[in-house]
Amino acid sequence: MMNFVEELRWRGMLHDIMPGTEEQLNKGMTAGYLGFDPTSDSLHVGSLAQIMTLIHFQRAGHKPFALVGGATGMVGDPSGKSVERNLLSEEVLNHNVSGIEAQLKRFLDFDCGPTSAVLVNNYDWFKGISFLEFIRDVGKHITVNYMMAKDSVKRRLEGETGISFTEFSYQLVQGYDFYYLWKEKNCQLQIGGSDQWGNIVTGTELIRRKDGGTAFALTTPLIKKSDGTKFGKTESGTIWLDAAKTSPYRFYQFWINASDEDVKNWIRIFTLKSREEIEALEQEHALAPHLRILQKALANEITTRVHSEEALETAISTSEFLFGNGSLIFLKSLSDVAIMNVFEGIPQFTITRVEFSQGIQAVDLLAEKSAVFTSKSEARKMIQGGGVSINKEKLGDASQVISTADLINDRYLVVQKGKKNYYLLIVG
RNA sequence: GGGGGGAUUCCAGAGCGGUCAAAUGGGACGGACUGUAAAUCCGUUACUUCGGUUUCGAAGGUUCGAAUCCUUCUCCCCCCA
């Protein structure tokens, strides 16, 4: 059985750990939990690091609880926030909780005997607790002085905007989660991101003061990018785990585009590859960096885990088609639905078949019938500059006539403005 | 209230009667190179049926001809009260 803490340590996934935690884990199977915030109906690549932590936890022979914050989500965690958050409606929250639960089920093993993962929603135990009960049974054990000393609270007290009682009490609510799971499920460890340390410690403190019990804490570092920008975001937005929000192709591209510097950290965090495997890959990568061996290894494993083997293959062939010398044969082999998938998020224009049937000059097609270009001269200039391709073939002449014979699957035309700007023209 | 300066094509900023669709720099976009990177180099950067057409704060005027001269208006900035 592997040593969980040691595993996190070499992967660079350990930020802070409470004394005694490692000893407890080495004693034998320990139950631990990690909470997910239902601020959206899907998890994103940022949450993926937490999921990986739980996967390692289970692989190390421990019992993971994945908690979805149906209750805490109603309150709002002030950690890392400089202003008061907007409350989500119950309806949205329920929707988000079920979306996240469905995703979490993919990653952990829920049927493997004693170390089976368990999914819990803190709303289940909070819904029965009255306000008076809570402030008598929980609030009594923690002083306001203690709560105010927390960084997340302190910063808000010093700031201009202040903090509502609701967000102020958040740490108690999360602290009670830990107490409840400790008491009812023998859950002795809470894992979280480094910003959660304060909240977790309130939990261990509550367990100590209320029942004289011992519980442990472990946090993972914030994932950084070498260029200083935020991890998990691109120009086009957050990278979600939900295929409907971020297509597997985009997801795959996100990892493929990792810089050499970042990929060395990320491959440790987001894959289950062993130290030896990773070091071997790194050596191979160093010999031929342009092959992007590390990025590919990372993207392949993670796309398969989050989506599927088939999704990965489509993502690879899509990437080859769009960036490499991928051929039209790939596109021609796809169904209409699959084509729409490949071109998801790419500007599309529809042209009537009548207009198209007698043939159309390239300039008119691109500037008049579609909005690839805003004017004909612009289109003409770029064609002359060698910057426009139709169906992967460079357009040599602006007056070239495009007709039905050029269509892919008798419906589509793939237009490229420069290398990276794709447009899909659909003849309908 | 008095005096002065300015408004130019995405931005900054030249031009001061024809040779100006307007220098130059930046940005953006394309090409080459490359690792779907950075740097570098090259090109494009009002519209067009390639004949022309509409642009230089707005409206008028002078002139064969105006971004450039005159008048009025609008808006900015500075100095003195």
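Hydrogens, waters and symmetry mates are skipped; everything else that's a heavy atom, side chains included, is used. Here is the naming used below: chain letters follow the sequence lines, and residue numbers restart at 1 for every chain.
- The gap from the C1' atom of G13(B) to that of U8(B) amounts to 9 Å, rounded to the nearest Å.
- For K381(A), the side-chain atoms get nearest to U45(B) when compared with the rest of U34(B), U45(B), U36(B).
- At whole-Å resolution of the value, CD in Q384(A) and P in U45(B) are 11 Å apart.
- Remark: H290(A), R292(A), Q295(A) in residues 287-296 of chain A come within less than 4.0 Å of RNA chain B through at least one heavy atom.
- Not one N or O on the side chain of N421(A) forms a donor-acceptor pair closer than 3.5 Å with the backbone of Q416(A).
- Listed in residue order, the members of residues 358-380 of chain A having a heavy atom less than 4.0 Å from RNA chain B are S375(A), K376(A), S377(A), R380(A).
- Classified by interplanar angle (parallel below 30°, tilted 30° to 60°, perpendicular above 60°), the ring pair Y180(A)/W125(A) is parallel.
- Rounded to an integer number of Å, the gap from M382(A) CE to G43(B) C1' is 11 Å.
- Atom CD of E320(A) and atom P of G35(B) are 16 Å apart (whole Å).
- Following rounding to the nearest Å, D260(A) (CG) and A37(B) (C1') show an atom-to-atom distance of 9 Å.
- The NZ atom of K420(A) sits 8 Å away from the P atom of G30(B) (whole-angstrom rounding).
- Of the P atoms belonging to G6(B) and A14(B), the separation is 11 Å, rounded to the nearest Å.
- You'll find the ring centres of W255(A) and F270(A) inside the 6.0 Å limit.
- Within the 4.0 angstrom heavy-atom criterion, base atoms lie near Q253(A).
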* **Derivation and outcome, salt bridge (Lys or Arg N to Asp or Glu O under 4.0 Å), residues R9(A) and E22(A)** => CA-CA 11 Å; R9(A) 209 171 265 144; E22(A) 194 163 4; 3.1 Å; yes
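- Atom-to-atom distance recorded for K63(A):NZ and S116(A):OG is 5.0 Å, nearest 0.5 angstrom.
- Checking D16(A) against T219(A) by side-chain atom types alone, no donor-acceptor pair falls below 3.5 Å.
- Separating the P atom of C41(B) from that of G25(B) is a span of 12 Å, rounded to the nearest Å.
- With rounding to whole Å, Y249(A) atom OH is found 13 Å from U36(B) atom P.
- Among the nucleotides U36(B), C33(B), C29(B), the one closest to the side chain of K419(A) is C33(B).
- No option in T318(A), I302(A), L312(A), T314(A) other than L312(A) meets the side chain to side chain contact (heavy atoms under 4.5 Å, CB included) test with Y252(A).
- Here U40(B) sits opposite A32(B) as a Watson-Crick or G-U wobble pair (both hydrogen-bonding atom distances under 3.5 Å).
- Expressed to the nearest 0.5 Å, how far CE of M148(A) lies from CZ of R156(A) amounts to 14.5 Å.
- At a threshold of 4.0 angstrom between heavy atoms, the contacts of N421(A) are confined to the sugar-phosphate backbone, with no base atom among them.
- Both K417(A) and H285(A) lie close to RNA chain B; mapped to their nearest nucleotides by heavy-atom distance, the more 5′-ward contact belongs to K417(A).
- Nucleotides A81(B) and U19(B) place their C1' atoms 50 Å apart, quoted to the nearest Å.
- Counting to the nearest Å, the C1' atom of U36(B) and the CD atom of Q416(A) are 12 Å from each other.
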